[in-house]
Amino acid sequence: MLSDYHRYRLYEILPGLSIWLTLILSVVLSFVRPLWMIYFIILFDVYWVLKVINFVFYLSLSWNRFRQARKIDWEDKMRHELVNWENKHHVVFLTLYNETWDVVKSAIQSVCEATYEKDKLVIVIAGEERKKENYENILFNVQKEFGNCFGDVVGVMHPSNLEDEIPGKGSNLHYAESQMKEYIDKKGWDYSNVIETVFDIDTICHPQYFSYLTYLYCTHPNPTKSSYQPVALYNNNMWESPAMLRIMAFGTTFWMLTSLARQDALVTFSSHSMSFRAVVDAGFHDKRIVSEDSRIFYQCLIAYDGNYEVTPMYVPVSMDTVRDDNWWTSLKNLYKQQRRWAWGTEHIPYLLWEFGKKGRGKNVPLWKKFKWVFVEWEGKWSWAIVAILITFLGRLPMWVASESVRQSALFFNAPYMLQILMGLAMSGLILSAILSIPLLPRRPESHPKHKYIIMVLQWLLLPISMIFMSAIPAIDAVTHMMFGKYLGFNVSQKKRK
């Protein structure tokens with residue numbers, strides 16, 4: 001019998017094992033059974049084209065909703081259509097490490113300028129004892145410049161070296177939430193009337209964010225059992241960032257837009273909001289993991305026996321790319337960021353464990369267990385291998401096939417079939433290039449007008465970025481997990497000119 005430790009380690013090995021088996025078998029079969037591999041590649045490309053068609057459909061649908069939502073005066077709708085909005089309180093958590101005042105100031109300024117009752121907004125500056133001086137300096141500046149803009153500004157400093165946690169955003173949030181629970185209890189607020197929002201420290205929210213959020217919360221049939229996910233844009237420093245960073249940033253936004261429209265597989269990501277009731281019932285953000293933003297969704301899903309969802313918010317929150325002053329350092333920052341996001345593979349063993357007989361999630365319906373494990377597993381599997389299979393391994397059997405194989409009808413027709421399939425898949429690339437232009441912030445005067453052409457042509461770098469800045473970091477992450485080499489929380493360096 002396996003011990004609990006060894007069973008969990010087996011669960012951690014399985015995702016990476018499935019990825020490495022796919023890659024190794026693809027190479028071996030290209031030499032040993034090239035025709036089998038050609039059949040597989042054709043079927044895989046058909047599968048990928050269907051996914052691209054799915055992507056184009058849902059991205060178009062989401063884009064239309066995104067465009068319409070930004071035209072609506074949500075504050076007016078909230079005030080004139082709702083009767084229960086005035087008893088809602090918003091607690092906004094901003095986790096701080098070593099960020100500079102100019103980055104933090106723009107985030108606080110955006111919340112201050114949001115169209116909402118300011119006395120119903122509480123800002124929480126959650127800093128780290130490891131960077132105590134920076135935390136105290138930032139908190140002092142926030143209280144000095146924005147103290148009159150909110151109902152309260154609360155500072156919480158996360159102590160260093162607490163037991164049973166890893167340093168990072170998750171443990172910082174966990175501690176700040178536990179402290180704010182005491183604050184909320186003293187105020188006598190009902191947890192169901194408190195809406196928690198977690199913003200990355202560089203997040204600039206849409207002016208209508210809190211009005212829209214309150215409207216959705218008050219009109220939701222079961223508001224405490226849903227998170228609320230806005231559109232993530234990485235365009236605060238878009239014009240100053242290298243092309244590779246811009247492509248990956250837009251890719252993340254388009255993935256988020258597609259997920260918002262589907263909703264059946266939507267998981268919280270980066271900045272989001274939820275009921276404080278759900279946060280308490282889930283035991284606060286997990287303090288022992290890296291991917292706390294999506295893990296809190298699964299914590300709530302399990303706590304409520306599968307009765308939990310994510311409601312899309314079709315307004316943007318803007319953040320920074322991982323740009324640095326040095327081009328090469330920027331790429332290294334991007335690689336580390338993508339690897340950290342791919343470390344979300346840690347949700348797979350967590351779900352397998354919790355959905356088992358010993359886990360809290362044993363009461364989740366079986367079909368939901370299968371669905372969410374599949375969503376996580378297939379997503380990470382595709383992330384790690386698709387670009388490599390399409391651009392390289394898909395051509396390998398053509399290059400190494402024997403003369404007898406080259407005489408087959410399949411071998412002759414395969415290149416044409418693959419060319420047609422890849423031509424269809426190009427529709428996703430073209431749509432991405434077109435939609436990326438309206439998402440750009442206003443062009444700074446220091447940048448020439450012809451740079452818009454570069455913003456379109458940069459998409460030709462997509463195959464390179466998908467391999468070196470997406471697939472390889474994902475393989476790196478799952479391989480680390482396979483061998484128990486756990487990654488700590490990597491703070492993304494972000495700089496603006």
Side-chain angles (χ1 to χ4, degrees), residues 2-21 23 95 97-98 126 128-131 158-176 198 200 267-270 282-299 302 322 332-356 358-361 372-373 375-381 383-385 469-493:
L2 293 175
S3 65
D4 287 350
Y5 168 79
H6 289 101
R7 186 179 295 111
Y8 201 90
R9 280 293 296 128
L10 177 62
Y11 294 160
E12 290 179 332
I13 291 170
L14 289 176
L17 184 63
S18 67
I19 289 169
W20 276 108
L21 279 177
L23 295 173
T95 55
Y97 184 62
N98 199 33
E128 294 282 1
E129 187 179 37
R130 292 174 294 155
K131 296 291 182 179
H158 177 218
S160 301
N161 303 318
L162 292 180
E163 292 184 3
D164 197 30
E165 69 174 33
I166 64 170
K169 184 180 175 182
S171 56
N172 189 344
L173 265 177
H174 180 96
Y175 184 80
V198 179
D200 286 349
V267 177
T268 46
F269 172 76
S270 189
F284 310 126
H285 280 76
D286 198 319
K287 59 184 178 180
R288 299 161 298 174
I289 65 162
V290 174
S291 308
E292 87 296 326
D293 53 349
S294 44
R295 173 61 64 84
I296 190 63
F297 166 78
Y298 290 119
Q299 290 176 238
I302 291 168
V322 288
K332 289 195 291 185
N333 289 344
L334 177 61
Y335 182 95
K336 291 177 181 178
Q337 183 190 59
Q338 292 293 314
R339 185 177 64 173
R340 174 163 61 84
W341 287 353
W343 189 253
T345 306
E346 64 184 338
H347 299 324
I348 298 173
Y350 171 79
L351 291 175
L352 290 173
W353 179 263
E354 293 294 340
F355 288 161
K358 292 186 178 181
R360 293 172 295 148
W372 286 112
V373 171
V375 165
E376 283 294 331
W377 204 322
E378 191 277 337
K380 300 304 185 294
W381 182 84
W383 186 348
I385 70 164
M469 292 297 160
S470 185
I472 293 179
I475 294 171
D476 187 355
V478 299
T479 304
H480 270 80
M481 182 170 289
M482 281 182 68
F483 291 99
K485 305 294 184 181
Y486 301 110
L487 298 176
F489 188 90
N490 174 67
V491 179
S492 297
Q493 180 66 46

- Message: Please give me the minimum heavy-atom distance between Lys287 and Asp164, naming the atom from each residue.
- Response: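 Taking every non-hydrogen atom into account, CE-O, 3.4 Å.
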- Message: For Phe355 versus Gly361, what's the shortest heavy-atom pair and its separation?
- Response: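 Heavy-atom minimum between the residues: CD2-O, 3.9 Å.
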Quick one: does any side-chain atom of [X] pair with a main-chain N or O of [Y] as donor and acceptor, under 3.5 Å?
X	Y	answer
Trp381	Pro15	no
Thr95	Ala126	no
His174	His285	yes
Thr268	Asp293	yes
Arg9	Met482	yes
Glu346	Ile289	no

- Item | Close side-chain approach of His480 and Tyr486, heavy atoms under 4.5 Å |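 They are not in side-chain contact.
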- Side chain proximity check, Asp4 to Arg7, heavy atoms < 4.5 angstrom: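 They are in contact (side-chain heavy atoms under 4.5 Å apart), so the answer is yes.
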- Message: My understanding is that only residues two or more places apart in sequence, or in another chain, count here; which of them pass side chain to side chain contact (heavy atoms under 4.5 Å, CB included) with Tyr8?
- Response: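 Tyr8 satisfies side chain to side chain contact (heavy atoms under 4.5 Å, CB included) with Glu12, Pro349, Tyr350, Trp353 only.
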- Hey, what's the ring geometry for Tyr298 with Trp372, parallel, tilted or perpendicular (30° and 60° as the breaks)?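 Because their plane-to-plane angle is over 60°, the rings of Tyr298 and Trp372 count as perpendicular.
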- Query: Picking from Arg295, Glu354, Lys380, what satisfies side-chain hydrogen bond (donor to acceptor under 3.5 Å, both in side chains) with His347?
  - Reply: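 Single pass found, and it is Arg295.
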